[in-house]
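In what follows, a single structure is set out as structure tokens and then discussed.
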Amino acid sequence: MNKKIGNLFKGDKVIWMVFFFLCMISIVEVFSASSGLTYKSRNYIGPIVYHAGTIGFGALVALITLNIPCRYFKLMTPFLLLISAVTLLWVLLAGTKVGDAGRWINFLGFTFQPSEIAKGSIVLAVAQILSAMQRENGADRKAFKWIMWITMIACFLIGLENLSTAAMLFVVVFLMMFYGQVPLRQLGKLAAILSFVVVFAVSMVLLVGHDNSNKDQQLTQTEQTDAPKEDPSFVEKMFHRADTWKSRIMKFNKDEVSPMDYDLDKDAQVAHANIAIVSSGVVGKGPGKSVERDFLAQAFSDFIFAIIIEELGIIGAIVVVLLYIMLLYRCARIASRCENNFPAFLVMGLGLLLVIQAIFNMMVAVGLAPVTGQPLPLISKGGTSTIINCAYIGAILSVSRSAKMKKEKENEPTMV
């Protein structure tokens with residue numbers, strides 16, 4: 001019986017353990033944080049059944065993916081890049097909007113985010129380019145140009161609707177190039193150019209965008225209804241998120257205010273996340289006993305780490321952080337043991353993708369970064385993101401199982 005179970009759960013056992021614990025934390029905390037959904041729908045078991053089903057399906061996807069030999073991922077790269085390009089253009093032209101962001105596509109009754117597919121596709125492409133153009137002293141200088149062409153196009157298309165995802169993907173690609181030994185001179189120039197671009201972009205957002213964080217300055221509903229609406233221009237359609245970006249920057253950079261003067265209505269998410277954290281203590285209030293979940297609009301998604309801290313305390317937060325650190329460490333161990341370059345670059349890219357997104361989410365929850373809308377991988381409630389993150393875990397397990405590993409010379413018997 002144990003042998004059959006071992007044959008089913010192939011690959012790195014530590015990765016499996018991390019995956020299991022993250023999924024269990026997700027089921028418990030999403031069930032607790034979904035009180036708002038259950039109250040509105042009057043269906044107290046429906047949201048968690050749906051989420052548990054999504055995780056179960058994701059685990060099945062991970063099992064299927066880990067049984068795909070890593071060499072076949074190379075064959076999938078061109079098709080995934082084509083699908084990513086088509087769907088990213090599709091979402092810009094006819095995407096489904098939630099709030100002011102059009103990040104979703106409805107297709108045959110299913111809703112998904114093309115950016116989730118694009119992230120993995122770019123990591124696959126970068127890993128393939130780095131492995132194909134690897135030389136004795138590092139990556140060929142031409143590899144940098146190929147990677148930049150693919151990454152810049154993808155990040156531009158993603159960034160128009162989801163700037164934080166584009167920024168995160170670029171950071172992952174930059175770290176992959178550093179790991180792939182792209183010449184430091186090229187990386188240094190890129191870092192300098194990026195610094196200039198970031199300063200310029202932030203300046204333009206602050207100059208062009210409107211700060212909508214102050215509700216008193218907005219039009220009333222009657223005024224908005226009666227006012228004549230002009231069709232937005234193409235440029236306005238492409239950069240309609242500038243107002244949201246400016247509001248988030250202004251909120252993050254504002255001066256500290258006293259608790260008596262703090263406006264809970266204008267800064268509800270950040271305020272209630274802070275209340276959840278400071279009221280947690282060392283061991284927390286206990287699973288299912290969160291108070292702030294009833295006030296946080298995205299308690300089960302963007303701010304679930306704040307709910308984890310409130311219910312499980314500082315100890316629970318440290319455990320979650322350690323799980324992600326352990327995931328990245330095991331990915332690095334697997335990559336260091338790979339005999340070929342492609343699986344090594346692939347496993348590091350996917351590990352960085354998951355862990356950096358987790359860092360983004362946790363920094364937002366504790367007030368160290370502006371609100372970005374990034375979910376916590378494998379924990380936050382989600383559809384496309386949960387399933388694709390499980391596929392990433394499956395790909396990492398596939399590399400650990402099927403990639404050729406370097407022989408440990410120190411463990412080989414010496415010939416006399």
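Remark: L184 pairs with F178, L187 by the side-chain contact (heavy atoms from CB on, under 4.5 Å) rule, at least two apart or across chains. Under the rule for a ring-ring contact (aromatic ring centres under 6.0 Å, His included), the partners of Y179 that lie at least two apart in sequence or sit in another chain are F345.
Taking both residues in full, the closest heavy atoms of I396 and G351 are given as CD1-N, 4.2 Å, listed atom of the first, atom of the second, then distance. Closest non-hydrogen pair, P114 versus V91, comes out as CG-CB, 4.0 Å. Annotation for S380 and V30: closest pair C-CG2, 4.3 Å, computed over non-hydrogen atoms. Of all the heavy atoms in A317 and I309, the pair that sits closest is CB-CG1, 3.7 Å. Pairing each heavy atom of L81 with each of A125, the nearest pair is CD1-CB, 4.0 Å. Considering every non-hydrogen atom in both C390 and A62, the closest pair reads O-CB, 3.4 Å.
A side-chain N or O of S84 and one of S121 form a donor-acceptor pair less than 3.5 Å apart.
Under a cut-off of 6.0 angstrom, the local environment of CZ in F174 is crowded, with over 12 non-hydrogen atoms contributed by other residues, nucleotides or ligands. By the neighbour-count criterion of 12 heavy atoms within 6.0 Å, atom CZ of R135 is densely surrounded, having more than that number from other residues, nucleotides or ligands.
Atom CD1 of I15 and atom CG of L327 lie 5.0 Å apart (nearest 0.5 Å). Between atom CG of residue L169 and atom CE of residue M176 there is a gap of 10.0 Å, rounded to the nearest 0.5 Å. Between the CZ atom of F305 and the CG atom of L312 there is a distance of 10.0 Å, given to the nearest 0.5 Å. A distance of 13.0 Å separates CG of N341 from CE of M133, quoted to the nearest 0.5 Å. For the atom pair SG of C331 and CD1 of I393, the computed distance is 7.0 Å after rounding to the nearest 0.5 Å. For the atom pair CD1 (I388) and OG1 (T65), the distance works out to 10.5 Å, reported to the nearest 0.5 Å.
Inter-residue side-chain proximity for F342 and L124 is flagged as met; some heavy-atom pair is nearer than 4.5 Å. Side-chain contact check for L378 versus Y392: every heavy-atom pair is 4.5 Å or farther apart. Inter-residue side-chain proximity for P377 and Y324 is flagged as met; some heavy-atom pair is nearer than 4.5 Å. Annotation: side chain of P375 is not in contact with side chain of K381 (no heavy-atom distance under 4.5 Å). In this structure the side chain of V172 never reaches within 4.5 angstrom of the side chain of I122, judged on heavy atoms. In this structure the side chain of V14 never reaches within 4.5 angstrom of the side chain of Y329, judged on heavy atoms.
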If you look only at distance, which donor and acceptor atoms sit under 3.5 Å apart when one is on a side chain in residues 358-370 and the other is two or more places apart or in another chain?
{"residue": "N361", "atom": "ND2", "partner": "D302", "partner atom": "O", "Å": "2.9"}
{"residue": "N361", "atom": "ND2", "partner": "Q374", "partner atom": "O", "Å": "2.7"}

Output a table of donor-acceptor pairs, distance under 3.5 Å, between side-chain atoms of residues 136-159 and any protein atom two or more places apart or on a different chain; print 'none' if there are none.
{"residue": "D140", "atom": "OD1", "partner": "K142", "partner atom": "N", "Å": "2.8"}
{"residue": "T151", "atom": "OG1", "partner": "I147", "partner atom": "O", "Å": "2.8"}

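Note on residues 17-31: pairs passing side chain to side chain donor-acceptor pair (under 3.5 Å), not counting sequence neighbours, are S26-H51. Among residue pairs with one or both ends in residues 305-320, those qualifying as side chain to side chain donor-acceptor pair (under 3.5 Å) are S32-E311, K285-E310, S290-E310; sequence neighbours excluded.
Between the side chain of S195 and the main chain of A191, a donor-acceptor pair closer than 3.5 Å is present. For S400 (side chain) and D12 (main-chain N/O), a donor-acceptor pair under 3.5 Å exists by modelled atom type.
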Is there a side chain to side chain contact (heavy atoms under 4.5 Å, CB included) between M177 and Q186 once you walk through the steps?
-> CA-CA 10 Å; M177 288 193 292; Q186 289 180 315; over 6 Å; no
Begin with the C-alpha distance, continue with both residues' side-chain angles, and end with the deciding distance and a verdict on side chain to side chain contact (heavy atoms under 4.5 Å, CB included) for F170 and L190.
-> CA-CA 11 Å; F170 209 100; L190 176 62; 4.1 Å; yes
Can you list the steps and then say if F21 with V319 is a side chain to side chain contact (heavy atoms under 4.5 Å, CB included)?
-> CA-CA 10 Å; F21 280 115; V319 169; over 6 Å; no
Starting from the C-alpha separation in whole Å, work towards a yes-or-no answer on side chain to side chain contact (heavy atoms under 4.5 Å, CB included) for I379 and I308.
-> CA-CA 10 Å; I379 291 183; I308 291 173; 4.0 Å; yes
